[in-house]
*Asks:* 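Structure incoming, see below.
All heavy atoms count here, side chains included; hydrogens, waters and symmetry mates do not.
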Amino acid sequence: MFTKIKFKLLFYFLLIGILPLIATMYIEYRNVANTLRNRSFDQLTTVREIKKKKIEEYFAQIRQEISFFAQSNIVIQAMKDFKQVFPQVNPTEDNTVQYKNNLIHYYQNQLLARIEHHERDTFQAEKIIPKNPISVYLQHQYLIGNQHNFQPNSYHQVHEKYHATIATFLKTYGYYDIFLIDDQTGHIVYTVAKEIDFATSLLSDAHANTNIGKLFRQMRYTGVKNYTLMCDFETYLPSYLAPAAFIATPIFDGDKKIGTLIFQIPIDKMDAVMTSNKFWREEGLGE
């Protein structure tokens, strides 16, 4: 009888001693876990603010670069010359029919074939071909034509005069594309990349309702020099439905607005900033 009581007392004493120890350990565990969790969130908040600052600095840099480029003599003169020679292109009616057929074939095999099948069905080559015969001719020349077979014309001469300089600027500063746009007609009279938006009108052709078309119409009548306007990333058909964002600024010759300059912003630079070039672990964010 005494032995049973002894063991019961010993058990209860152990229980009384262990329970506070367990409770203390649990409370310490919770405190440590909360501390580590809060430290992790603080680290994430710090990283977020650093990324935010870098992105804001990148956007500020883009605004400075496009404003500077729009005021350069090369862009001002190029805008004036392209506006002058673009309407002078005079394709024959017979050629236009053949060029349209060739462009449809090009769109189907070079553009739509590179798009995911479930998205490809929403586009028809016949419906995204530009309406203007000049646009058809220029796309045929620069998208699928052989440069050695170019027909002599004033547009090609102007293009040869400015293309190398503008393309060098694009490559130096890492943009995806550069556009010169005639405010009156909405025609993209020049691009570096020569995708299917080249020579089309952002007022009436297939890309008028894309983010670049809406951005252009917002900028079209601005009378403020050095004003810049950006749009958000959206899928963009001419770039094979890759996400594309644009920044625009007016081009002035003295006090007269003569056109609009637009840069297509490369998503890879923003992606590199946000993901630290995929080095999350090295930045302390784990796998």
Side-chain angles (χ1 to χ4, degrees), residues 59-89 130-132 134-135 138-139 142 155 158-159 161-163 165-170 173-234 236-239 244-266:
F59 285 156
Q61 175 188 332
I62 291 174
R63 293 181 187 277
Q64 290 176 354
E65 288 171 355
I66 194 172
S67 294
F68 167 78
F69 199 48
Q71 296 175 63
S72 66
N73 290 332
I74 189 77
V75 169
I76 294 170
Q77 194 59 50
M79 187 73 247
K80 292 163 67 176
D81 289 350
F82 277 116
K83 282 181 64 173
Q84 180 180 355
V85 298
F86 187 90
Q88 293 176 4
V89 176
K131 302 178 180 68
N132 191 325
I134 295 176
S135 304
L138 289 175
Q139 281 204 2
Y142 286 90
Y155 181 91
V158 170
H159 187 277
K161 180 179 179 181
Y162 297 106
H163 178 67
T165 302
I166 299 176
T168 298
F169 180 92
L170 176 142
Y173 292 97
Y175 291 102
Y176 182 90
D177 204 357
I178 293 176
F179 304 78
L180 297 178
I181 305 174
D182 183 347
D183 288 336
Q184 293 179 334
T185 64
H187 280 113
I188 300 172
V189 295
Y190 170 82
T191 74
V192 175
K194 300 298 185 297
E195 294 181 328
I196 67 165
D197 48 12
F198 168 58
T200 63
S201 172
L202 294 178
L203 297 177
S204 58
D205 282 324
H207 314 298
N209 290 321
T210 61
N211 54 346
I212 187 176
K214 296 172 184 176
L215 178 67
F216 164 70
R217 289 193 293 276
Q218 285 180 280
M219 182 60 68
R220 188 181 181 196
Y221 294 116
T222 184
V224 182
K225 289 184 179 181
N226 302 325
Y227 179 64
T228 60
L229 192 63
M230 290 183 62
C231 64
D232 205 350
F233 281 91
E234 293 181 6
Y236 188 55
L237 178 61
S239 299
F246 302 89
I247 181 169
T249 195
I251 302 172
F252 278 85
D253 181 20
D255 294 328
K256 181 181 179 182
K257 185 173 184 289
I258 59 172
T260 298
L261 174 67
I262 293 182
F263 289 174
Q264 185 169 344
I265 302 170

*Asks:* Does atom CD of Gln184 have more than 12 heavy-atom neighbours from other groups under 6.0 Å away?
*Replies:*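 12 or below, so no.
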*Asks:* For the side chain of Ser135 and the backbone of Ala199, is there at least one donor-acceptor N/O pair under 3.5 Å apart?
*Replies:*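 Yes: the side chain of Ser135 pairs with the backbone of Ala199.
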*Asks:* For Pro130 and Asp205, which heavy atoms make the closest approach, and how far apart are they?
*Replies:*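 Smallest heavy-atom distance, with atoms named: CA-OD1, 3.7 Å.
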*Asks:* Checking Tyr227 against Met219 for the side-chain contact (heavy atoms from CB on, under 4.5 Å) test, could you report, in this order, the C-alpha distance in whole Å, the side-chain angles of both residues, the deciding distance, and whether it holds?
*Replies:* CA-CA 9 Å; Tyr227 179 64; Met219 182 60 68; 3.6 Å; yes
*Asks:* Name the orientation class of the two ring planes belonging to Tyr162 and Phe82 (parallel below 30°, tilted from 30 to 60°, perpendicular beyond 60°).
*Replies:*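 If you compare the ring of Tyr162 with that of Phe82, the planes turn out tilted.
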*Asks:* For the residue pair Gln71 and Ile76, what are the closest heavy atoms and their distance?
*Replies:*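 Residues Gln71 and Ile76, closest heavy atoms: O-CD1, 3.6 Å.
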*Asks:* Are a donor atom and an acceptor atom from the side chains of Ser239 and Gln264 found within less than 3.5 Å of each other?
*Replies:*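 Yes, Gln264 and Ser239 have a side-chain donor paired with an acceptor closer than 3.5 Å.
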*Asks:* Going by the angle between their ring planes, with limits at 30° and 60°, are Tyr142 and His159 parallel, tilted or perpendicular?
*Replies:*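 Tilted, since the angle between the ring planes falls between 30° and 60°.
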*Asks:* Taking Lys225 for the side chain and Gly254 for the main chain, is one N or O donor matched with an acceptor at less than 3.5 Å?
*Replies:*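 The answer is yes, because a donor-acceptor pair under 3.5 Å joins these two groups.
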*Asks:* Short question: side chain of Ser201, backbone of Thr185 - any donor-acceptor pair under 3.5 Å?
*Replies:*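 Yes; at least one donor-acceptor contact below 3.5 Å.
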*Asks:* Could you tell me which non-hydrogen atom of Ala78 sits nearest to which non-hydrogen atom of Leu180, and how far apart they are?
*Replies:*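 The pair with the smallest heavy-atom distance is CB-CD1, 4.1 Å.
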*Asks:* Would you give the length of the straight line joining atom CG of Asp197 to atom CD1 of Ile212, rounded to the nearest 0.5 angstrom?
*Replies:*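 Answer for the CG-CD1 pair, Asp197 versus Ile212, is 6.0 Å.
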*Asks:* When you check the side-chain N and O atoms of His207 and Tyr236, is any donor under 3.5 Å from an acceptor?
*Replies:*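 No donor-acceptor contact under 3.5 Å links the two side chains.
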*Asks:* Start with the C-alpha distance between Thr228 and Gln64, add both sets of side-chain angles, then the distance that settles side-chain contact (heavy atoms from CB on, under 4.5 Å), and finish with yes or no.
*Replies:* CA-CA 9 Å; Thr228 60; Gln64 290 176 354; over 6 Å; no
*Asks:* Verify side-chain hydrogen bond (donor to acceptor under 3.5 Å, both in side chains) between Asn226 and Ser67, making sure each step is shown before the conclusion.
*Replies:* CA-CA 5 Å; Asn226 302 325; Ser67 294; 4.8 Å; no
*Asks:* Is it the case that more than 12 heavy atoms not belonging to Phe68 sit under 6.0 Å from its CZ atom?
*Replies:*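 Check fails, neighbour count at 12 or below.
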*Asks:* Rounded to the nearest 0.5 Å, what separation is found between the CD1 atom of Ile178 and the CD1 atom of Ile66?
*Replies:*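 Between Ile178 CD1 and Ile66 CD1, I get 8.5 Å after rounding to 0.5 Å.
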*Asks:* Show the numbers, then the answer: is there a side-chain contact (heavy atoms from CB on, under 4.5 Å) between Ile258 and Lys80?
*Replies:* CA-CA 7 Å; Ile258 59 172; Lys80 292 163 67 176; 3.6 Å; yes
*Asks:* Is the side chain of Arg217 donor-acceptor paired with the backbone N or O of Asn209 at a distance under 3.5 Å, no angle test?
*Replies:*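 It does not hold such a pair.
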*Asks:* Let me confirm one number: the CZ-CD1 distance from Phe59 to Ile265, rounded to the nearest 0.5 Å.
*Replies:*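 Going from CZ on Phe59 over to CD1 on Ile265, the span is 6.0 Å.
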*Asks:* Working note: Val75 + Ile251, criterion side-chain contact (heavy atoms from CB on, under 4.5 Å); need CA distance, chi angles, decisive distance, verdict.
*Replies:* CA-CA 8 Å; Val75 169; Ile251 302 172; 3.7 Å; yes
*Asks:* Test your reading of the model: is there a side-chain donor-acceptor pair from Gln88 to the backbone of Tyr155, 3.5 Å cut-off?
*Replies:*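 Side chain of Gln88 to backbone of Tyr155: no pair is present.
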*Asks:* Whether the side chain of Asn211 engages the backbone of Ala244 through a donor-acceptor N/O pair (distance < 3.5 Å, no angle test) should be reported.
*Replies:*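 Indeed, once roles are kept as given, a pair shorter than 3.5 Å links the two residues.
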*Asks:* At their closest point, which heavy atom of Leu170 faces which heavy atom of Asp177, and how far apart are they?
*Replies:*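 What the structure gives for the nearest pair is CD1-CA, 3.4 Å.
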*Asks:* Classify the ring geometry of Phe246 against Phe179: parallel below 30°, tilted from 30° to 60°, perpendicular beyond 60°.
*Replies:*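 Rings of Phe246 and Phe179: perpendicular, over 60°.
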*Asks:* Please find out if less than 6.0 Å separates the ring center of Tyr176 from that of Phe263.
*Replies:*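 No, the ring of Tyr176 stays outside the 6.0 Å limit from the ring of Phe263, centre to centre.
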